[in-house]
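Remarks on the structure that follows.
Note that this is a predicted model, so its numbers are computed, not measured.
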Amino acid sequence: EDGFYENSTDLQQYLNRNVETYSAVIGWNFGAFDITSVTSYEEAALAMREDTDSSPLRLLEVDQSVESQTFEQELRLSYDGDGLKGTLGAFYLDESLDQDQTANLFPMLRPDVEAIDPVAYPGGFDPVGSAIGFPVFFARVSNQQTTEAWAIFGQGQYSLSSTFRLIGGLRYNSEQRDFRTKTAFVEPTFEVPIFDIPLAVKNDNISFKIGAEWDAGKDVLTYATISTGQKSGGFNGGFLFDAAQVVPYGPEKITAF
């Protein structure tokens, strides 16, 4: 039907995103050996305003902005000789992230709340909804996170024959994340802090891969592998209003066959 995908909002919305990435790859060859350096730097910024309720009424309006700077460096040494192929390497990452987000809840109800008692509810501020049953507030959540990580790794392939190969790899990761989150109700003439909490997590992990490959025929490859991996723990950077919710989550681990 006509207009099925249309809505009528009360707020001018926008989404601005800017990403600048610079990278350099440098390689050297020494016969059977190759050395490769990969360096990158990235700056990213995002600003968004949305009429979250998507209606002509002023029920919920959200602004979000994020800025990040990331530096990465990887150095690899590769070897390709008779019966043996392999790579040794090291990796480093340094990243900072700043996030600022606001939520304006039920701004259309502020005049009604203030009319009930302008002293108890200045400007219509009523975060628990005691006046008319609906909470009315403007909240700001700001987060800052820094991450420093490094890893050393290696993987090799050894041919026992022209049709059978063994594969093995090992990687050590170390990551430190520091996080600070602050939430407050922000009104034109005063501010009510809810919490300001620093957190940190450190993740160290050793992962591996072992496997074998067999060329069973001209066009047939048979293989078997066991590998492990980990995704680091972190923090919830969303809208939180209870200090008990501000806890880090742990890493995720996988073993694949």
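Residues Ser232 and Tyr249 share a closest heavy-atom pair of O-CE1, 4.2 Å. In this structure, Val247 and Ala244 approach most closely via the heavy-atom pair CG1-O, 3.9 Å. Nearest approach of Ser37 to Trp28, heavy atoms of both residues: CB-CZ3, 4.2 Å. Taking both residues in full, the closest heavy atoms of Val19 and Ala44 are given as CG2-CB, 4.1 Å, listed atom of the first, atom of the second, then distance. Shown here for Pro248 and Leu199, the closest heavy-atom pair between the two residues is CD-CD1, 4.1 Å. Closest heavy-atom contact between Leu240 and Thr183: O-OG1, 3.2 Å.
Within 6.0 Å of the CZ atom in Phe71, the count of heavy atoms belonging to other residues, nucleotides or ligands exceeds 12. With a 6.0 Å radius and a threshold of 12 heavy atoms from other residues, nucleotides or ligands, Glu74 has its CD atom above the threshold. The local environment of NZ in Lys253 is sparse, with at most 12 non-hydrogen atoms from other residues, nucleotides or ligands closer than 6.0 Å.
Two residues are said to be in side-chain contact when any heavy atoms from C-beta on lie closer than 4.5 Å; Ile167 and Thr225 fail this criterion. Side-chain contact check for Gln155 versus Leu170: every heavy-atom pair is 4.5 Å or farther apart. At least one side-chain heavy atom of Tyr172 sits under 4.5 Å from a side-chain heavy atom of Asp204. Side-chain contact check for Asp215 versus Val220: every heavy-atom pair is 4.5 Å or farther apart. Here the side chains of Trp150 and Gln73 are not in contact, with every heavy-atom distance at 4.5 Å or above.
Inspection of the Ser174 and Lys202 side chains reveals an N or O donor paired with an N or O acceptor under 3.5 Å. For the residue pair Gln12 / Tyr14, no side-chain donor-acceptor distance below 3.5 Å is found, with atom types taken as modelled. Side-chain atoms of Thr21 and Glu42 include a donor-acceptor pair closer than 3.5 Å.
With Phe137 as the fixed residue, the ring-ring contact (aromatic ring centres under 6.0 Å, His included) test singles out one of Tyr121, Phe239, Phe185, Phe125: Phe185.
Among residue pairs with one or both ends in residues 95-108, those qualifying as side chain to side chain donor-acceptor pair (under 3.5 Å) are Gln69-Ser96, Thr70-Glu95, Gln99-Asn143, Asp100-Arg140; sequence neighbours excluded.
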Next on the checklist: side chain to side chain contact (heavy atoms under 4.5 Å, CB included), that's the test. Do Gln145 and Phe235 meet it? Break it down for me.
Outcome noted: CA-CA 9 Å; Gln145 177 176 276; Phe235 312 94; 3.3 Å; yes
Item to check | Test log, rule salt bridge (charged side-chain N to carboxylate O under 4.0 Å, His left out), inputs Asp178 and Arg180 | outcome: CA-CA 7 Å; Asp178 295 289; Arg180 184 163 191 169; over 6 Å; no
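Under the side chain to side chain contact (heavy atoms under 4.5 Å, CB included) criterion, Thr189 pairs with no residue, sequence neighbours left out. The side-chain hydrogen bond (donor to acceptor under 3.5 Å, both in side chains) search around Glu148 returns Tyr92, not counting sequence neighbours. Remark: Asp112 engages no residue in a salt bridge (charged side-chain N to carboxylate O under 4.0 Å, His left out) (not counting sequence neighbours). In terms of the ring-ring contact (aromatic ring centres under 6.0 Å, His included) criterion, residue partners of Phe106 (sequence neighbours excluded) are, by chain and number, Phe134. Ile226 meets the side chain to side chain contact (heavy atoms under 4.5 Å, CB included) test with Phe208, Ile210, Thr255, Phe257; sequence neighbours excluded.
Of the possible polar contacts, none joining the Asp126 side chain to the Pro135 backbone as a donor-acceptor pair under 3.5 Å is found.
Ring orientation note: the planes of Phe33 and Tyr79 are tilted relative to one another, at an angle of 30° to 60°.
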